[in-house]
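Bear in mind the structure is a predicted one, so any value in this text is a computation, not a measurement. Throughout, a chain's letter reflects where its sequence line sits, starting with A, and its residues are numbered from 1.
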Amino acid sequence: MLDIQLLRTNLNYVIEKLSSRNFSFPVDRFNQLEAERKKIQTHTQELQAKRNTISKQVGLAKSKGEDTTAILAQVSNLGDALKQSVTQLEQIQTELQKILFDVPNLPHDSVPKGDGETDNQEIRRWGAIPSFDFEIRDHVSIGEGLKLLDFETATKLSGARFSIMKGNLARLHRALAQFMLDTHIQEHGYIETYAPYLVNHDSLHGTGQLPKFEEDLFAVKAGGNAVENEHSPGLYLIPTAEVSLTNIVRDEIVPLQSLPLKFVAHTPCFRSEAGSYGRDTRGLIRQHQFDKVELVHIVHPESSYAAIEELVGHAETILQKLELPYRVVALCTADMGFSAAKTYDIEVWLPAQKTYREISSCSNCESFQARRMQARFRNENGKTSLLHTLNGSGLAVGRTLVAILENYQNADGSVTIPEMLRPYMNGLDQLCTAGGQ
RNA sequence: GGAGAGAUGGCCGAGUGGUCGAAGGCGCUCCCCUGCUAAGGGAGUAUAGGCGCAAAACGCUUAUCGAGGGUUCGAAUCCCUCUCUCUCCGCCA
């Protein structure tokens with residue numbers, strides 16, 4: 001959420017910034033509502049002030065044992081007028097909030113301007129693209145060939161966009177997550193975190209998934225009944241652990257000395273993938289359920305741009321240790337996610353697609369999420385002030401597995417296991433059919 | 001699932017219809033005293049808005065005592081609904 005003060009005092013700046021991400025701010029509607037709000041809020045507060053003074057007089061008179069009918073006569077019709085005014089004000093403020101909640105974050109000045117994916121700016125490349133003297137197979141062909149990857153059965157259980165991994169492939173998948181977690185905990189100073197996979201409406205609102213992107217989520221029922229009813233808000237499966245980890249500081253005032261907070265968690269993620277019909281239908285790239293190791297930083301506003309560089313570095317470390325070629329891309333203004341002020345994507349080389357594919361996305365949300373969450377810290381002067389939040393994948397486990405299968409494939413259909421993962425695989429150095437079980 | 005008790009400011013805790021945004025304490029900030037240490041004295045210290053001012057300082061004002069609704073001229077206090085926490089019992093990985 002943007003600062004309402006910024007909209008009031010510097011609307012043109014906001015409009016221009018937003019247009020760079022192809023978002024057109026409803027200026028006229030906003031101005032109209034603001035004008036009404038101003039008028040009605042003032043009116044309401046005048047009525048409230050009047051009521052308060054008179055009520056005090058009543059109390060005073062009664063304590064002296066005086067007659068109060070004369071005073072009470074003054075407020076006889078005030079109640080209705082006030083109620084009406086309050087209702088009106090609430091309607092306007094609800095509408096203003098609706099507008100405000102749907103407005104994405106403003107891009108940072110360092111973000112490349114552009115209209116779409118093609119305008120993203122490559123920052124650096126790492127690793128040599130492997131060459132193969134045999135016909136390259138994609139991860140589906142490799143995994144199914146090894147009889148370790150099974151989409152058909154998963155479809156029977158759950159439908160499209162699910163998968164079953166077995167044997168050493170399932171183990172490799174687990175090894176990857178462990179390896180990532182260990183690296184971030186031991187080498188990068190993160191707090192290992194186990195957090196809920198089901199979260200409430202407020203949490204999703206805090207990080208910006210709601211109200212705008214509900215169709216991307218899975219909501220759950222309890223005992224055959226929808227959890228959500230008029231009194232109890234519903235639960236949703238997390239689309240990313242960013243939601244659980246970032247909301248740890250929702251409605252909190254974090255002591256200055258405990259900043260920065262750095263959380264890491266390995267969780268499943270659930271996405272409905274509405275609107276992506278026909279995209280990446282084959283394989284593990286785009287699933288309704290996938291595992292991710294997520295990194296979250298909660299920082300002092302002054303250090304958030306240093307933090308995003310650090311965060312990207314942490315994610316890159318994983319790829320370097322696994323010796324997977326990748327590139328880092330700065331997303332352009334139009335390609336960034338809703339809550340981000342600046343985003344770097346890390347894209348890993350996939351030989352079968354002959355292209356780099358997103359494997360991590362690291363964003364600085366500045367105070368955008370913190371303002372929604374009321375996540376604050378007590379600053380040097382003892383005043384509360386909004387935190388900055390960042391999140392990034394470190395990394396998407398399923399896609400990392402895809403990258404390993406494809407980049408480490410051998411002519412005989414086997415797959416070499418990267419050195420760093422062998423300790424997690426009981427020393428195993430290859431996935432092959434014979435040893436697959 | 002059954003029975004009961006709770007939810008108040010950064011923290012603890014008082015407050016059952018009227019100068020209560022809230023006693024007292026802790027913590028914190030500033031000042032004074034004390035030649036260290038310990039202790040003592042004084043003042044200040046919630047948050048989010050609105051309006052005014054070119055702006056800051058500031059002034060006026062509104063809302064907020066778990067959440068939402070209701071009663072009332074007036075609600076932390078009374079009524080209803082919900083959420084959460086704690087204790088006991090049952091069930092359970």
Side-chain angles (χ1 to χ4, degrees), chain A residues 1-10 30-31 33-97 99-101 194 196-206 222-236 247-259 261 367 370-387:
Chain A
M1 187 164 65
L2 300 180
D3 186 357
I4 183 78
Q5 301 297 351
L6 188 64
L7 288 166
R8 285 182 186 138
T9 57
N10 224 334
F30 177 79
N31 282 331
L33 283 168
E34 259 296 286
E36 282 182 52
R37 192 221 92 231
K38 208 168 190 168
K39 198 178 85 194
I40 292 168
Q41 183 162 1
T42 309
H43 180 62
T44 307
Q45 294 191 350
E46 275 169 7
L47 291 177
Q48 285 169 327
K50 193 173 166 191
R51 181 203 58 196
N52 290 347
T53 345
I54 292 174
S55 292
K56 269 184 190 167
Q57 285 173 16
V58 173
L60 213 64
K62 280 209 170 173
S63 68
K64 292 180 190 160
E66 292 168 6
D67 181 49
T68 55
T69 49
I71 309 175
L72 288 179
Q74 292 179 50
V75 277
S76 56
N77 52 4
L78 206 132
D80 286 341
L82 181 58
K83 204 169 278 181
Q84 195 192 347
S85 192
V86 167
T87 311
Q88 248 184 324
L89 182 62
E90 277 172 357
Q91 278 171 0
I92 290 165
Q93 282 183 326
T94 307
E95 277 212 53
L96 274 169
Q97 281 198 330
I99 292 177
L100 210 59
F101 286 148
Y194 174 81
Y197 304 156
L198 289 168
V199 294
N200 60 27
H201 182 280
D202 286 351
S203 296
L204 287 158
H205 188 270
N225 298 309
V227 171
E228 186 160 15
N229 60 50
E230 57 179 321
H231 297 301
S232 136
L235 292 175
Y236 297 82
N247 275 282
I248 288 173
V249 294
R250 172 154 58 83
D251 293 322
E252 298 291 335
I253 297 171
V254 180
L256 185 63
Q257 65 269 20
S258 54
L259 296 177
L261 288 168
S367 60
R371 187 169 295 107
R372 290 172 159 245
M373 293 192 297
Q374 280 303 298
R376 295 167 296 171
F377 70 104
R378 206 164 281 285
N379 67 21
E380 297 78 355
N381 304 317
K383 289 282 169 201
T384 54
S385 179
L386 292 171
L387 290 159

Salt bridge (Lys or Arg N to Asp or Glu O under 4.0 Å) filter on A:E36, not counting sequence neighbours, yields none

With a 4.0 Å cut-off on heavy atoms, is A:L60 in touch with a base, just the backbone sugar-phosphate, or nothing at all?
-> base

Looking at A:I253, A:L259, A:L261, which hits side chain to side chain contact (heavy atoms under 4.5 Å, CB included) with A:L387?
-> A:L259

Where the side chain of A:R51 meets the backbone of A:G79, is there a donor-acceptor pair that is under 3.5 Å apart?
-> no

With distance as the sole criterion, do the side chain of A:K62 and the base of B:rG18 form a donor-acceptor contact below 3.5 Å?
-> yes

Let me know the distance between NZ of A:K39 and P of B:rU61, rounded to the nearest Å.
-> 24 Å

What's the CG-C1' distance between A:N200 and B:rC82, to the nearest Å?
-> 14 Å

Nearest-Å distance for atom pair CG/P, residues A:L82 and B:rU72 = 14 Å

Looking only at atom types and distance, does a side-chain atom of A:N247 sit under 3.5 Å from a main-chain N or O of A:S203, one as donor and one as acceptor?
-> yes

Base, sugar-phosphate, or nothing: which does A:E252 touch, judged by heavy atoms less than 4.0 Å apart?
-> nothing

Here the distance between atom C1' of B:rC20 and atom NZ of A:K56, to the nearest Å, is 9 Å

Please map the stems of RNA chain B, keeping only stretches of three or more Watson-Crick or G-U wobble pairs with both distances under 3.5 angstrom.
-> B:1-7 with B:83-89, B:10-12 with B:24-26, B:27-32 with B:40-45, B:46-52 with B:58-64, B:66-70 with B:78-82

Base B:rG18 paired with A:Q57 side chain (donor-acceptor, <3.5 Å) = no

Using the P atom on both, measure B:rA75 against B:rC92 and round to a whole Å.
-> 49 Å

Expressed in whole Å, how much space separates the C1' atoms belonging to B:rC78 and B:rG49?
-> 29 Å

Is A:R250 reaching over with its side chain to a backbone N or O of A:A370, donor-acceptor style, under 3.5 angstrom?
-> no

